Amino acid sequence: MTLNERRRSCWVALAVGAGGVVLCAGSAHAQAGGGMPSAGGAQKPFTVDVIGAILYDSNAARGQDQIAVARDLHKSEVTYSPSVLVTVNRPLGRNLVFLSAAGGYDFHKYNKQLESGRVDVSGGGMARLGPCGLSLTGGYAVRQSDLEDLPLRVTRNRQTTRSVAAQTSCFVGTGLTGFLGVSASDTSNSADFNLVDSDSVSLNGGFGYGNRRLGTVQVIGGYTRSSYGESANPLVRNQPGFNAYNIGLQYSREIGNRLSGNASITYQTVDSSDPLIGSSSNLSGTGALDYRLNSRMGLNLIYSRGAAPSIVEGYDYILDESVGLSARYSLSSRIQSSFGARWAKTDYKGRTQVLLDVPTDERTRALFAQVSMQLGRTATVSLNVNQTKRTSNPDVFDYTAYQVGVTAKKSF
């Protein structure tokens with residue numbers, strides 16, 4: 001999964017008005033460790049959701065008018081997206097196995113070349129082992145890349161991501177805590193020209209102290225190795241890859257029933273295998289704060305900063321920073337609403353040998369609002385309105401896009 005995709009997944013969590021703490025992923029995300037999810041929740045053991053969505057996008061080309069012409073795209077678009085989501089949560093005593101499998105297809109009114117199927121499967125298990133917990137997870141996803149992630153010369157690209165992770169965390173009666181995790185992921189692209197496949201392996205861990213009154217504080221550290229596949233273009237050098245090292249602190253606490261938070265700050269060193277790029281050091285981290293004002297309204301704040309691989313040839317890695325603020329309000333027992341904003345900054349690090357026609361030094365601001373209504377016991381319909389504005393270098397990739405969508409869901 002590219003960093004831009006992880007950033008969008010956090011944005012989705014905001015858009016649906018997530019009530020819990022949401023952690024967005026820079027490289028420090030894997031170090032957020034800490035506690036294990038509860039195996040004894042009130043989730044249904046098996047659900048099937050049938051979903052239909054219609055979305056109008058005023059700027060599907062993700063750029064100015066000349067970008068739409070160069071990509072041979074109709075600038076505006078209407079997308080029809082039917083999908084099915086199957087969710088399994090099976091408690092086994094104090095343990096749990098789970099699966100989420102979604103599949104769908106995007107039909108486009110104008111830009112037929114962008115039509116594509118979507119698959120997103122994740123699953124795993126959790127087990128309690130005395131004072132410790134163990135989790136094993138895996139994921140697989142296939143989708144058409146968002147055009148904002150692609151260089152100008154590439155329009156159609158089916159991206160495949162695979163990931164596996166294992167983590168154990170412990171809490172002993174004296175208040176001592178600790179965790180250790182390992183994860184691996186890879187990204188491959190159907191388009192060869194200007195894009196490159198990548199894979200990453202991460203090891204992270206931490207130890208500290210926690211109790212109900214003070215919360216939990218941990219010293220955390222991690223290592224990530226990212227490498228790239230060979231370029232299909234003989235004029236472009238193979239990308240060298242990089243190593244990232246992190247060390248820092250993580251703190252989490254629940255304050256009563258209304259306020260909960262989690263924050264980590266790390267000193268990150270990114271060491272490129274290319275001697276002309278060398279190494280760089282900066283602060284990175286994640287943070288989340290959730291505040292429930294009353295039974296109707298809540299606020300959520302998230303932040304992330306970190307490095308991740310680039311799918312574009314010629315760039316060694318991406319440094320991304322984002323902050324999001326959302327509010328949720330219950331109009332009634334059947335009508336829910338949410339609104340918010342997100343700001344993001346993306347810098348591409350590396351050196352190019354050829355002109356790649358890709359936006360760099362991106363600055364993005366997004367606003368959203370959503371209203372959803374429950375119809376009966378198992379059906380919902382929602383209206384979403386979004387506005388996104390991006391500035392970049394070169395400025396031909398600057399754009400403002402308005403999106404209006406309607407989604408209906410029936411659960412079985």
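In this text the structure is predicted, and so the values were computed from the model without any measurement. Note: hydrogens, waters and symmetry copies are ignored here, and every other heavy atom, side chains too, is used.
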Hits for salt bridge (charged side-chain N to carboxylate O under 4.0 Å, His left out) against Lys409, two or more places apart or cross-chain, chain-then-number order -> none
Not counting sequence neighbours, which residues clear side-chain hydrogen bond (donor to acceptor under 3.5 Å, both in side chains) with Thr87? List them please. none
Who are the ring pair (Phe, Tyr, Trp, His ring centres under 6.0 Å) partners of Phe107, not counting sequence neighbours? Tyr105
Qualifying residue, where the test is salt bridge (charged side-chain N to carboxylate O under 4.0 Å, His left out) with Asp106 and the options are Lys112, Arg143, Arg118, Arg158: Arg118
Of all residues at least two apart in sequence or in a different chain, which pass the ring pair (Phe, Tyr, Trp, His ring centres under 6.0 Å) check with Tyr110? His74
Lys44 vs Asn89 side-chain heavy atoms within contact, under 4.5 Å: no
May I ask you to check whether over 12 heavy atoms, not counting those of Asp72, lie within 6.0 Å of atom CG? no
Ring pair (Phe, Tyr, Trp, His ring centres under 6.0 Å) with Tyr399: which residues, sequence neighbours excluded? none
Does CZ belonging to Phe207 count more than 12 external heavy atoms closer than 6.0 Å? no
By salt bridge (charged side-chain N to carboxylate O under 4.0 Å, His left out), Arg363 pairs with (sequence neighbours left out) Asp347
Does Arg90 CZ have over 12 foreign heavy atoms under 6.0 Å away? no
With sequence neighbours excluded, residues passing salt bridge (charged side-chain N to carboxylate O under 4.0 Å, His left out) with Asp120: none
Partners meeting side-chain hydrogen bond (donor to acceptor under 3.5 Å, both in side chains) with Ser83 (sequence neighbours left out): none
side-chain hydrogen bond (donor to acceptor under 3.5 Å, both in side chains) with Asp49: which residues, sequence neighbours excluded? Ser411
Who passes salt bridge (charged side-chain N to carboxylate O under 4.0 Å, His left out) against Arg296, sequence neighbours left out? none
Can you find a heavy atom in the side chain of Asn282 that is under 4.5 Å from one in the side chain of Leu319? yes
Within a radius of less than 6.0 Å around OH of Tyr402, do more than 12 heavy atoms belonging to other residues, nucleotides or ligands occur? no
Please enumerate all residues that pass side chain to side chain contact (heavy atoms under 4.5 Å, CB included) together with Leu73, with sequence neighbours excluded. Ala61, Arg71, Asn111, Gln113, Leu114, Leu147, Thr155
Distance col, row Gln336:CD vs Met373:CE, nearest 0.5 angstrom, shows 10.5 Å
Not counting sequence neighbours, which residues clear side-chain hydrogen bond (donor to acceptor under 3.5 Å, both in side chains) with Thr177? List them please. Gln218
